[in-house]
Amino acid sequence: MADTRRRAVIAQEQRGVDYAYACLEQRQSQDTATAAVYRAHNEMPVPGASSGQADARAQGDDPLVIMRVSVHGGESFLIGRQPVWNDERDLVVVSSAAQQAIEWRLATKEDPGDLLLRRKLAFQRRKPRTVTTYLDELVLRQYDVELDDGAATEEPAQADVSDVPPEEGPGPAAGAYPEEESAAPSLEALLLDDLDLPRDGAMRDIVDTVQREQLLLVAHQRPGALVIQGGPGTGKTAVGLYRVMWLLDNHHCSAQDVLVVGPHQGFLAYAGQVLPALGGGDVTTLTLDRLLAGDRPTSATGTDSPEAAFLKGDDRMADVLRRAAEAHCRPHRARVSPLLTTGEDDEAIFRFACNGRTYEADTDALLAIAREALRESGPFNVRHANFRLRLAGKLLLSVPGATPENILSSQEIAAFIQRVWPRLNPTDVYTRLLDSPKTLEAAATLLTADERSALRRSKPSKAAWTAADLVCLDELEWLLNGSHQRRTYAHIVVDEAQDLTPMQARALARRCPSGSMTILGDLAQATGPNEYHSWRELAGLLTGGSAWTVEVLQAGFRLPPEAAEFVEPLARAAAPRVPVARSVRLARGHAVHVQGASSLEHLIEAVAGRVTELTSARDGRSTAVIVPADQSLQDRLRTELGTIHGSTVPILQPHEAKGIEFDHVVVVEPAAIAGETRSGMRGLYVALTRCTQSLSIVHHAALPAPIDGGATLAPPSTSQETLSTVSSASTTTSSPAPSPDFEGFLQTAVAADRQQPIHERLRHRLLAQLWENGAPEDGNIADIIQSGESGTLLFEVLHSEEPTYPDLRAAATRTAEIRFALGRPIDRIFLVCAAEPTEPWAVSTIEAVFGVSVIWWDNGAWHGADVDTAMPPSSST
């Protein structure tokens, strides 16, 4: 009976999906016809044609529809990658990024809103229109509509596919029906099946597999910038692109006003296939170098030494460039100009010709105009223009009948202006700065002599510009001319933001006056010249002082568990304060392959042999080789590998592989990668975390200690699993160890709390802010533990919107149980609330009776008597 019912449900869902596709194709046909007519009469593209192209792309390998929901009142809606209407303009498919769809997808059984049913649909991989099965993620007991096969017509209005109830018997629960367990998939099975699909070089979008913690960030609505810290494979890039779709669908901004900045062109091509399918075909996508180059005819073909690259990106360079520009305003030098003579009272007299006559002016008065303009704020050349106009106005008093144009056309006046305050361009100022030791010494007062020497060019005026030069030229463009010549954006998405230099961050901040950004990155993967210990250092520069929030993604969807376990010691050694993502993939065995080679020749042979083995299956899965920056080794590998089985295997350096994933990855000579730069260990971490199926390591030199089992690792306080490994022997009391059954009871309670939306939003907000003072511990017995200058702190998060004294008392009792189960000293305990407790006496009573402090979130800030002890000052405001 269950199988019959499932077949009936699938058939009905298929009719709804077919109707959605029919409406979409009819709309596309009409758009095509309209475009043809428009072109025939106007010989111009039809306005809005790009949206039709996006619709067409959405019908490729990804299904249009992802789920169906039913709500109170009898309405039913399909949810998909883009909105679709029928001829009557009834909404057939609701965009998954629409705010209502987001709310439906975030609904839980405890907080369903108007939702009665949420049904996830699964499709054949190569036939994205064919429904294969479904999963009822959420079903309420009052959902009781009779099955009616005739209710689903060939053209249902508003995608109204008839609701299908469970069989007679006990009411349904979220998930598969009890009698269908052999046929119905689980949510985990659907997710893991999707994660196991081959990576074919195109970024997978997460519209149908997005998880709850990711969806909360997609629809993040706090003002300012959102910083998403996430380890390899946590989906932060996909969340950022999906967030663009949410911004557009909910009219926060237009596609033309959004900029996506990627680390390299390969990444943009990799990720650029996602945005058009999500309706963002008009979004601007650029590498940072291309953005900074703008219309400048020069390109970044030169290279810097590591020292010069660091200095050109350091925030002290902003002061150096400002001083270099202002040094061209020289009112003091005009005193010795050959244009001037000395009067009877030793006063400087300036003589100039205008309209055929010679006139005199007080030089000090003219120079005072220059000094006054220099003291004002604003772009250098704008102040220069003000100086010229004021100078002309002053001289007009001495020249009857003259105009400003007459005055400024005087050869003497023009020479005076050029000597006192010339109009400048960024290239001239920057070239003189790097080529003149005297100019550099005068401007770079914040730098040491060795640093100035590292900045100076060995071949003046002939060296090609570097990527670091472009950002300095961009800073000078802003200093000299302001932002009127530079395009600004309503929202900017920055991927791999951890590699930005402070100067690059300033350049991006100038292009986003609103401060609205989505900043994606992982400090553990930082390989740029500047090292950041926390997002506080970088976010302030990126946002130009606007508000910002840090959120952390903790579930890793890319790495097999064996690979994640293998690289975890490296992650802790490379970035001790950064939380390590937990893999949700299933263990399959033999995901990590390590092979030594006795010589360079054997190394080349071993790499070729491993690549041949991986690609021989011809299963459509991708393979990449990641190598150190050794051109000779790269050339040897390219020659040896050639073309294997008809497909070219990419050979990449770690920075070229950032943001990209492959099914199989072969990493060559990890020790060489780790030793290339001061951030080499993090570069190796990047290389080792690109795979979805298998990680192979081929080496001749000894492996770096963290992945060879011999490293002295950072203390385990940064681990997300620390709580589960704490021994009862660490406690200073003689209490007996807790029983496994009691620990299981606490773990069940924690798991139940983490199904509550209020609890999770509050917990993740606190985690992100506590993380700024060192990575907190997020375990399965306690909500959060953090050790720091204030001692070891325990945080228990409540999930009540309006906490009462009974809520606080119950939570305080539970913290005593947690403290016992942990078996370790706890210095302070905090109850964390979503709002101020309702009874005015509750907080003081809890603190007096239980010795437990209470903090709460209100109006964008934390409150409570001990809030400064609970978290860093920047987090409490």
Side-chain angles (χ1 to χ4, degrees), residues 216-230 236-237 239-241 243-244 246-247 252-253 257-263 283-284 286 288 291-292 313-319 471 474-475 477-479 482-483 486-523 526 528 530-553 578 764-765 767-773 857 859-862 871-877:
L216 286 168
L217 301 187
V218 167
H220 189 278
Q221 297 195 55
R222 290 190 65 188
L226 169 62
V227 180
I228 301 179
Q229 158 67 38
K236 55 185 177 294
T237 300
V239 168
L241 298 180
R243 181 162 165 76
V244 170
W246 178 80
L247 289 168
H252 292 282
C253 52
D257 293 328
V258 176
L259 169 67
V260 175
V261 178
V283 169
T284 302
L286 291 171
L288 188 58
L291 175 69
L292 296 179
D314 191 72
D315 53 2
R316 291 177 296 169
M317 197 64 186
D319 181 77
V471 73
D474 187 82
E475 180 87 13
E477 179 69 41
W478 175 74
L479 284 170
S483 59
R486 181 183 292 116
R487 181 180 176 185
T488 59
Y489 297 86
H491 189 87
I492 294 181
V493 178
V494 190
D495 200 22
E496 304 293 350
Q498 75 278 351
D499 288 336
L500 294 174
T501 67
M503 292 291 288
Q504 289 172 334
R506 287 170 58 91
L508 286 173
R510 291 193 291 269
R511 287 165 169 80
C512 191
S514 67
S516 178
M517 289 187 178
T518 302
I519 302 166
L520 314 168
D522 178 16
L523 295 181
N530 297 77
E531 182 178 352
Y532 303 101
H533 298 287
S534 76
W535 282 107
R536 182 191 297 114
E537 302 170 51
L538 183 56
L541 292 169
L542 271 171
T543 61
S546 299
W548 54 275
T549 304
V550 176
E551 299 287 354
V552 181
L553 289 173
V578 179
H764 280 93
R765 175 179 287 125
L767 273 172
Q769 294 182 315
L770 290 175
W771 184 71
E772 293 297 315
N773 253 22
W857 181 259
N859 197 27
W862 293 101
M871 62 192 67
S874 62
S875 300
S876 60
T877 59

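Values reported hereafter were calculated over all heavy atoms of this structure, with side chains retained and with hydrogens, waters and symmetry mates removed. For clarity, every value in this text was computed on a predicted model and none was experimentally measured.
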Can you find a pair of side-chain heavy atoms, one from [X] and one from [Y], that are under 4.5 Å apart?
X: E475; Y: R506; answer: yes
X: I492; Y: L542; answer: no
X: V260; Y: D495; answer: no
X: R510; Y: D474; answer: yes
X: L541; Y: L500; answer: no
X: M317; Y: T501; answer: no

For [X] and [Y], which heavy atoms make the closest approach, and how far apart are they?
X: A497; Y: I519; answer: CB-CG2, 3.4 Å
X: V258; Y: Y489; answer: C-CD2, 3.9 Å
X: W548; Y: V550; answer: CZ3-CG2, 3.2 Å
X: T237; Y: L520; answer: CA-CD1, 3.9 Å
X: S514; Y: S546; answer: O-OG, 4.1 Å
X: T284; Y: R487; answer: OG1-NH1, 3.6 Å

Pair W771, Q229: side-chain N/O donor-acceptor within cut-off below 3.5 Å: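 There is no such pair between these side chains.
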Supply the atom-to-atom distance [X] [atom1] to [Y] [atom2], rounded to the nearest 0.5 angstrom.
X: L247; Y: T518; atom1: CG; atom2: OG1; result: 6.0 Å
X: D315; Y: E537; atom1: CG; atom2: CD; result: 10.5 Å
X: Q504; Y: D499; atom1: CD; atom2: CG; result: 9.0 Å
X: H491; Y: C253; atom1: NE2; atom2: SG; result: 7.0 Å

Show me, pair by pair, the donor-acceptor contacts under 3.5 angstrom made by side chains of residues 217-228, not counting sequence neighbours?
unit_1: H220; atom_1: ND1; unit_2: R222; atom_2: N; d: 3.4
unit_1: R222; atom_1: NH1; unit_2: T549; atom_2: OG1; d: 3.4

Worked verdict on L291 versus L259 for side chain to side chain contact (heavy atoms under 4.5 Å, CB included): CA-CA 10 Å; L291 175 69; L259 169 67; 3.9 Å; yes
Test log, rule side chain to side chain contact (heavy atoms under 4.5 Å, CB included), inputs L508 and L288: CA-CA 9 Å; L508 286 173; L288 188 58; 3.9 Å; yes
Under the side chain to side chain donor-acceptor pair (under 3.5 Å) test, residues paired with E496 that sit two or more places apart: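 For E496 the side chain to side chain donor-acceptor pair (under 3.5 Å) partners, ignoring immediate neighbours, are Q498.
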